[in-house]
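See below for the structure under consideration.
Values below: all heavy atoms of this structure, side chains included; hydrogens, waters and symmetry mates excluded. The chain is numbered in sequence order, starting from 1.
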Amino acid sequence: MASILDEYEDSQSIRHPIQQHSRVSASNIGITHSGFVNVRLEEEKPIFNKQRIDFSPPEKINHFAVCNNQLCMSLGKDTLLRIDLGKPDQPNQVELGRKDDSKVYKLFLDHTGSHLVISLNTNECLYLNRNTQKVRGLSRWKGHLIESVAWNRVLGTEASTGPILVGTSLGLIFEAEISASEGSLFNTNPDQYFRQVHALEEDGQPAPVCCLEVERGVDSKYFIVATTRKRLFQFVGKVPEGSEQQGFGSIFAQNQELLPSFQEFPVNMGYSEIAFYTPKLRSCPKAFAWMMGNGVLYGQLDYGRPDSLLSDVHVWEYTPDIDLSFNKPLSIVLTQFHFLLLLPDRVKAVCTLNGQVVHEDVFPDKFGALKRMIKDPAGGLVWIYTERAVFRYHIQRESRDVWQMYTSMSRFDLAKEYCRDRPECMDIVLAKEAEHCFQNKRYLESAKCYALTQNYFEEIALKFIEAKEEEALKEFLLKKLSSLKPAERTQITLLVTWLTELYLNRLGQLESSGAESTMIQEARQEFRSFLGGSRHKECFYNNRSTIYDLLASHGNVDDMVYFSVVMQDYERVISHHCQHDDYGAALEVLSKHCDEKLFYKFSPVLMQHIPGKVVDAWIQMGKRLDAKRLIPALVNYSQTGSAQQINESIRYMEFCVYELAVKDEAIHNYLLSLYAKYKPDSLLLYLGQAGTHPSEIHYDLKYALRLCAEHGYLRACVLVYRIMELYEEAVDLALKVDVDLAKSCADLPEDDEELRKKLWLKIARHVVQEEKDVKKAMNCLSSCNLLKIEDILPFFPDFVTIDHFKEAICGSLEEYNRHIEGLKQEMEEATESAKRIREDIQEMRNKYGVVESQEKCAACDFPLLNRPFYLFLCGHMFHYDCLLQEVGPHLSSYRQTKLEELQKKLAATVQPARSRSRPKEEDTVSLGAGQPSREQIKSDIDDIIASECVYCGELMIRSIDRPFIDPQKYEEEKSSWL
């Protein structure tokens, strides 16, 4: 008994199919051309999979109840077995403690699995809570044989049932409430109250309340369903918000004045049972099935209806093998698409969509007659028991064949809903829907469906062609095109070309038939949307020549231009505009798309007709255009063109030179030629602004000179000569124009006084000999300090009187005197300076300093007299090596190299051995011919390191911005401090 449901956890993965189930195969639907091949590698598992529980009860099973994974069964006379299906190895057995002959009549377990009501055949009731072992009597219920209980799903909890409805065998309906608490001292009963609210009758006589159900709809509206043996009653009423705890008495009171709504059937088999289907736990039921004498009444539950809860109701009549006299149905269970009918020896499964028996399972006689069937809403499992065995049904993939039924009923939307994950089935449904729409002349819908199937493309296309439905054919091709993969290029090309032809035919038909402009516009807009779609842009581009040919064959120029724009074939668009003399539109396309190559190609044509707008477009393009490549367009029409074209050419050249700062020689040369031919006033201004040095000039100087000479612009020629530094030619040419211009040219060679003098002599000769103006010649002397009176006297004729030169001669003599006096003064100052230097040298030879024995080196702070040292006038004293170390880092690389060379030479010299008889002066003897003496080397070293005090001289001032620690040694110094 401990392992009664030990397989519960893995029951979804272990199946033992024991029944055969005929299914309608896809091949029977009637679709002959599907692209799917249905190959099953293994047999599909049945929808209803029965499994016997490995459990042998010690006593007969009387009754059975299961809900929310809580199972309760009555064994024998006085035993109750409870099992939590989440812990099937921990069953709980409770003794009812009844000594009389009373037997369990029925078990009622609430939706939470917490409250169990045990109805006895002695008109008594017991209560057992899931959390206790104590069976308690319901004293207020005594005297009534309980047939049904309607639990409260809204207010029911594990501690209390909330208001519930109870139906008896005499047709009475009571309202009651059970609490799991122990109660007070004066009230230990679990039943809080028990009051009658209604009574049901059949044919004027009380009838047992076989089933009761309470459901809450919207707006606090409650629906109560009660069944007797032949009737199904409905009670509808509102319970005010917040007063649900007061119970359901008000609902029955609202229906007292009116006859209750009910449905009645003639056949009475002694009892009836109603089952509900709830799609999700804790939600409202969506369907019902009522088992009664005439068959099974089933349908949907519509909570929005004002008076009745039942909708879309059907009656399934019992099959001939069901005889109510000896083979009556015992119980019913409802699933999403089936209801299961329990007979004494078998189970029938009937599809609620078409009323067909889709499954029948016969039980062997060895287990005894089947007693009842119960469904657990929590797990969806169906339980069946006999006196000696328990069975369990797993319902899996119940909806897998539903699509076939919906397809046969022409409810294609629902059929597609239930085969979304099965493409072979979806293809069959779509093909059937397409055929159905085609037969009903809904061609567009048929085309959309056909496009989603795997049927032969040619057959479908011919089908629409034979029906002369081009719109449907176009829709089919569009849908088919959208479903193709990018790799299927051949198919895409075929469909794109075909669709283009269809669109063009449609446009042609509309235009030839005189259709409304709105229709033509809509058709053209649809066609252009097709041409401009991004999905197949690559296909259009690769086959654009074919599309162009189709458009041209239909004479559709506007759409050809549009397609060219879509393909970014702007060259064709611009050519089209130019051919139709629409130069403004051509320029607009050029300006919009800014293609430099197209500018270079079409500018010559556009410049001929709209030069101003073309130049504006060039200027807007700025540096993106190479001005040199536009010169042909300018040259072509600047020679024979109108004044406007010439002015626009000059405007663009000026923009390139002054705004874009183009340095290309061709541009500057062309602008020079335009200025020389058409705008000479701007020539000198341009030459002046272009620069005065050859390195600053961007035009060809020789070309400019030849151009100016051809047109006789002498001033411009002088300016070019000046830039070319041909000053003699500039002065010679300037003298033909203006003497002042020649003077400005003569002063230009500032570094060459001889040339300047020569140029000024040319000017003076011209003034004297050509202009014969003595006064102006004298002014030349004042303008140039290089000319003397004696330089220009030879130019004057013999008859000129000296009066004209008196002042110049006197001024020249005075200048000579001043120059002589200046030289005398300089000589005296030089003599005096040499005298002072000799005195300073003599004084320095006699200057000395006193060094005390305790004096220390300023650098190392060691006694000074231990090693050779230096004494500076400032008082600082350094060892030779210390000074060398201090000065070395501050020397330039050149002086450091020089110092190293001198030190090497000093080390290489070997001082001659001194003898006592040789004088001391011989220590300075030369070390060889051409080699400096040892004393000379020392003197050179002193000049480098001891020219000034390292602490007081300029060396210290220059090193003020140096860091105290060398950056290269900073990290090393930093780490030494850590």
Side-chain angles (χ1 to χ4, degrees), residues 1-12 48-57 59-75 79-94 104-119 126-131 146 148-151 153 156 158 161 164 211-213 273-278 280-282 285 289 330-335 339-342 347 363 367 370-395:
M1 189 180 299
S3 62
I4 178 173
L5 295 176
D6 54 356
E7 296 177 320
Y8 177 77
E9 292 295 327
D10 57 350
S11 61
Q12 297 297 327
F48 304 99
N49 189 2
K50 182 179 70 175
Q51 180 184 9
R52 183 195 171 198
I53 304 301
D54 185 15
F55 168 63
S56 298
E59 299 180 80
K60 292 182 180 181
I61 301 176
N62 298 323
H63 291 279
F64 192 96
V66 60
C67 198
N68 198 25
N69 288 338
Q70 301 296 319
L71 186 147
C72 300
M73 64 176 70
S74 171
L75 303 177
T79 302
L80 188 68
L81 182 66
R82 295 186 300 180
I83 301 173
D84 184 350
L85 298 181
K87 304 173 183 178
D89 55 343
Q90 301 177 12
N92 176 254
Q93 185 171 322
V94 179
V104 174
Y105 179 66
K106 284 187 178 181
L107 298 179
F108 304 99
L109 187 63
D110 80 321
H111 62 285
T112 65
S114 301
H115 308 283
L116 177 66
V117 173
I118 306 167
S119 174
L126 304 176
Y127 170 72
L128 179 63
N129 189 269
R130 181 174 65 181
N131 299 323
I146 306 302
S148 58
V149 175
W151 301 101
R153 290 185 173 85
E158 293 185 2
T161 63
I164 59 175
C211 295
L212 271 175
E213 183 75 15
E273 183 175 347
I274 191 168
F276 296 90
Y277 167 70
T278 303
K280 295 180 181 179
L281 193 63
R282 302 183 185 277
L330 303 175
S331 188
I332 189 171
V333 163
L334 181 63
T335 63
F339 61 80
L340 275 65
L341 204 62
L342 181 68
V347 172
F363 286 72
F367 300 117
L370 303 179
K371 300 191 68 175
R372 195 160 184 266
M373 178 169 55
I374 308 102
K375 179 184 176 184
D376 184 359
L381 298 176
V382 177
W383 300 80
I384 298 176
Y385 70 94
T386 67
E387 290 182 349
R388 298 186 296 275
V390 177
F391 300 90
R392 179 175 59 195
Y393 273 102
H394 292 279
I395 303 174

* Just how far is it from atom CZ of R392 to atom CZ of F55, taken to the nearest 0.5 Å? -> 13.0 Å
* Any idea which heavy atoms bring A275 and I332 closest together, and the distance? -> CB-O, 3.8 Å
* Who are the side-chain contact (heavy atoms from CB on, under 4.5 Å) partners of Q70, not counting sequence neighbours? -> D84, L109, R130
* To do: Assess the side chains of T112 and E158: does a donor N or O sit below 3.5 Å from an acceptor N or O?
  => no
* Within the distance-only criterion (no hydrogens, no angle test), does the side chain of N69 pair as donor or acceptor with the backbone N or O of G86 below 3.5 angstrom? -> no
* C72 side, atom SG; L107 side, atom CG - distance, nearest 0.5 Å -> 7.0 Å
* Any idea which heavy atoms bring I374 and V333 closest together, and the distance? -> C-CG2, 4.2 Å
* Structure fact -> In this structure, CD1 of I395 is separated from OG1 of T335 (nearest 0.5 Å) by 5.0 Å
* Are any side-chain N or O atoms of K371 and backbone N or O atoms of I61, one a donor and one an acceptor, separated by less than 3.5 Å? -> yes
* Indicate the atoms forming the closest heavy-atom contact of E273 with L330, along with that distance. => OE1-O, 3.6 Å
* To do: Determine whether L340 and K375 make a side-chain contact, defined as any pair of heavy atoms from C-beta on separated by less than 4.5 Å.
  => no
* Measure the shortest side-chain to side-chain distance between D110 and I164 over non-hydrogen atoms and say whether it is less than 4.5 angstrom. => no
* Asked: Can you check side-chain contact (heavy atoms from CB on, under 4.5 Å) on L381 and H394, steps first, answer last?
  -> CA-CA 6 Å; L381 298 176; H394 292 279; 3.1 Å; yes
* Taking the inter-plane angle between the rings of W151 and H115 on a 0 to 90° scale, is it parallel (under 30°), tilted (30 to 60°) or perpendicular (over 60°)? -> parallel
* Structure fact -> Tightest non-hydrogen contact, residues P285 and F276, listed as CB-CB, 3.9 Å
* Quick one: side-chain contact (heavy atoms from CB on, under 4.5 Å) partners of R153, sequence neighbours excluded? -> H111, E213, E215
* To do: Working to the nearest 0.5 Å, report the span between NZ of K106 and CD1 of I118.
  => 15.0 Å
* Hey, could you give me the CG/CD distance between L75 and E387, rounded to the nearest 0.5 Å? => 11.5 Å
* Asked: Do you know the tightest heavy-atom contact between G113 and N68?
  -> N-CB, 4.0 Å
* Within-4.5 Å side-chain heavy-atom neighbours: F391 and V382 -> no
* To do: Would you check, one step at a time, whether the test side-chain contact (heavy atoms from CB on, under 4.5 Å) holds for I146 with V117?
  => CA-CA 10 Å; I146 306 302; V117 173; 5.5 Å; no
* Asked: Can you tell me how far the CD1 atom of I384 sits from the CD1 atom of I53, to the nearest 0.5 Å?
  -> 11.5 Å
* To do: Using modelled atom types only, decide if a donor and an acceptor are shared between the side chain of T386 and the backbone of F367 within a distance under 3.5 Å.
  => yes
* Please walk me through it: do W383 and R372 pass side-chain contact (heavy atoms from CB on, under 4.5 Å)? -> CA-CA 8 Å; W383 300 80; R372 195 160 184 266; over 6 Å; no
* To do: Apply the test side-chain contact (heavy atoms from CB on, under 4.5 Å) to residues V347 and Y393: give CA-CA distance (whole Å), side-chain angles for both, the deciding distance (0.1 Å), then the verdict.
  => CA-CA 11 Å; V347 172; Y393 273 102; 4.1 Å; yes
